[in-house]
Amino acid sequence: KPHPHCKHGTVLQRNSRRKKGGITIMKFYVTLEKFIARLHLEVLSVPGDADKIKITSTEVNRPGLLISGFSENFEPTRLQILGKMEFSYLDSLEQDVKMERINNLFSRNVPAVIITRNMLISSEIVEAARRHKVPLLRTTEDTSAFMAHAIGYLNTELAQRVTRHG
């Protein structure tokens, strides 16, 4: 339920108020449903109700290092963006290694994976998303433009707010 002092659709997390030096800090989230609508994304697969999936991070990630095999410091709370470069790398791998890397990404419980440039993807990627219950979305925008729009939108919606009374 939207907080009475928030813009329509931005939601205060339950139990997310905490006092810090006399100031109440509130943490917000955006539902995946609202994110999809606002950024005009195509839904390839969403497990369950997109209105119940929460986006809490203003940052997004291109998981090139993860799909190359390096997973140290990977942040699973961020939306994951796959573009031309990531798919070019995946296409250079042997099929079994490619599937291992794709499954590694989807097994990390990320809020969603977004394909840019309206790129066609294999049924194995859709199946990995479904198997790991990770939303899989697609945009027609190129990667950099989409990332800029997504970050701008999330920064606005998830910004800390101060409410003063009196």
Trainee: Are there over 12 heavy-atom neighbours, none belonging to D96, within less than 6.0 Å of that residue's CG?
Mentor: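 Buried by this count: over 12 neighbours within 6.0 Å.
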Trainee: Going through the distances and angles, do K34 and D51 end up as a salt bridge (Lys or Arg N to Asp or Glu O under 4.0 Å)?
Mentor: CA-CA 7 Å; K34 183 177 177 188; D51 196 38; over 6 Å; no
Trainee: To the closest 0.5 Å, what do you measure between CZ (F146) and CD1 (I151)?
Mentor: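 Reported value, rounded in 0.5 Å steps: 9.5 Å.
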Trainee: List the atom of I121, the atom of F87, and the distance in Å for their closest heavy-atom pair.
Mentor: CG2-CZ, 3.6 Å
Trainee: Provide the closest heavy-atom pair for P111 versus P76 in the form atom of the first, atom of the second, distance.
Mentor: CD-O, 3.2 Å
Trainee: Between E157 (side chain only) and N155 (backbone N and O only), is there a donor and an acceptor less than 3.5 Å apart?
Mentor: no
Trainee: Could you list the donor-acceptor pairs under 3.5 angstrom formed by side chains in residues 125-134, with sequence neighbours left out?
Mentor:
| residue | atom | partner | partner atom | Å |
| --- | --- | --- | --- | --- |
| R131 | NH2 | N103 | OD1 | 2.7 |
| H132 | NE2 | N103 | OD1 | 3.2 |

Trainee: Start with the C-alpha gap between Q95 and E124, add the side-chain angles, then the distance that decides, and say whether side chain to side chain contact (heavy atoms under 4.5 Å, CB included) holds.
Mentor: CA-CA 10 Å; Q95 184 63 21; E124 291 99 354; 3.9 Å; yes
Trainee: Quick one: do I114 and F35 satisfy side chain to side chain contact (heavy atoms under 4.5 Å, CB included)? Show the steps, please.
Mentor: CA-CA 12 Å; I114 302 160; F35 185 80; 3.8 Å; yes
Trainee: Quick check on the hydrophobic clustering: are V30 and V46 connected, directly or via other members, by side-chain heavy-atom contacts under 4.5 Å?
Mentor: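 Looking at the clustering, V46 is in the same group as V30.
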Trainee: In terms of hydrophobic clusters joined by side-chain contacts under 4.5 Å, are M99 and L90 together?
Mentor: yes
Trainee: Looking only at atom types and distance, does a side-chain atom of R117 sit under 3.5 Å from a main-chain N or O of G83, one as donor and one as acceptor?
Mentor: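 Not at all, since once roles are kept as given, no pair shorter than 3.5 Å links the two residues.
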Trainee: Find the distance between CG (N118) and CZ (R138) and round it off to the nearest 0.5 Å.
Mentor: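 Here the interatomic distance stands at 5.0 Å.
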Trainee: Should the pair R38 and Y153 be classed as cation-pi, given the thresholds of under 6.0 Å to the six-membered ring centre and 45° from the axis?
Mentor: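 No, a cation-pi geometry is absent between R38 and Y153.
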Trainee: For I53 and P47, work out which heavy atoms get closest and say how close.
Mentor: CD1-O, 4.0 Å
Trainee: Count the heavy atoms belonging to other residues, nucleotides or ligands that lie under 6.0 Å from CD of E94, then report whether that count exceeds 12.
Mentor: no
Trainee: Under 3.5 Å, side chain of R101 to main-chain N/O of S68, donor-acceptor pair present?
Mentor: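 At least one qualifying donor-acceptor pair exists.
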Trainee: Tell me every residue that passes salt bridge (charged side-chain N to carboxylate O under 4.0 Å, His left out) with E33, counting only those two or more places apart in sequence or in another chain.
Mentor: none
Trainee: So R108 and Q80, do their side chains get closer than 4.5 Å, heavy atoms only?
Mentor: no
Trainee: Atom OG of S107 and atom CD of E100: how far apart are they, to the nearest 0.5 Å?
Mentor: 10.5 Å
Trainee: Are I67 and I81 connected, step by step, through hydrophobic side chains (Ile, Leu, Val, Met, Phe, Trp, Tyr) whose heavy atoms are closer than 4.5 Å?
Mentor: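 No, it is not one cluster - the side chains of I67 and I81 are not joined through contacts under 4.5 Å.
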Trainee: How long is the gap from CD1 on I115 to CG on L137, to the nearest 0.5 Å?
Mentor: 8.5 Å
Trainee: Using a 4.5 Å cut-off on heavy atoms from C-beta on, say whether the side chain of L105 contacts that of L82.
Mentor: yes
Trainee: Are L39 and V43 joined in one hydrophobic group, where the rule is that I, L, V, M, F, W and Y side chains link up if heavy atoms are under 4.5 Å apart?
Mentor: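 Linked within one cluster.
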Trainee: Which atoms form the tightest heavy-atom contact between T31 and I55, and what is the distance?
Mentor: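 That closest heavy-atom pairing would be O-CD1, 4.5 Å.
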Trainee: To the nearest 0.5 Å, what is the distance between CG (L32) and CG (L41)?
Mentor: 8.0 Å
Trainee: Under a plain distance cut-off of 3.5 Å, with no hydrogens placed, do E59 and S57 share a side-chain donor-acceptor pair?
Mentor: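 No, no side-chain donor-acceptor pair sits under 3.5 Å.
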Trainee: Are M119 and Y89 connected into the same hydrophobic cluster when the rule is that any two of I, L, V, M, F, W, Y join if their side-chain heavy atoms are below 4.5 Å apart?
Mentor: yes
Trainee: What is the distance from atom CE of M147 to atom OG1 of T139, rounded to the nearest 0.5 Å?
Mentor: 12.5 Å
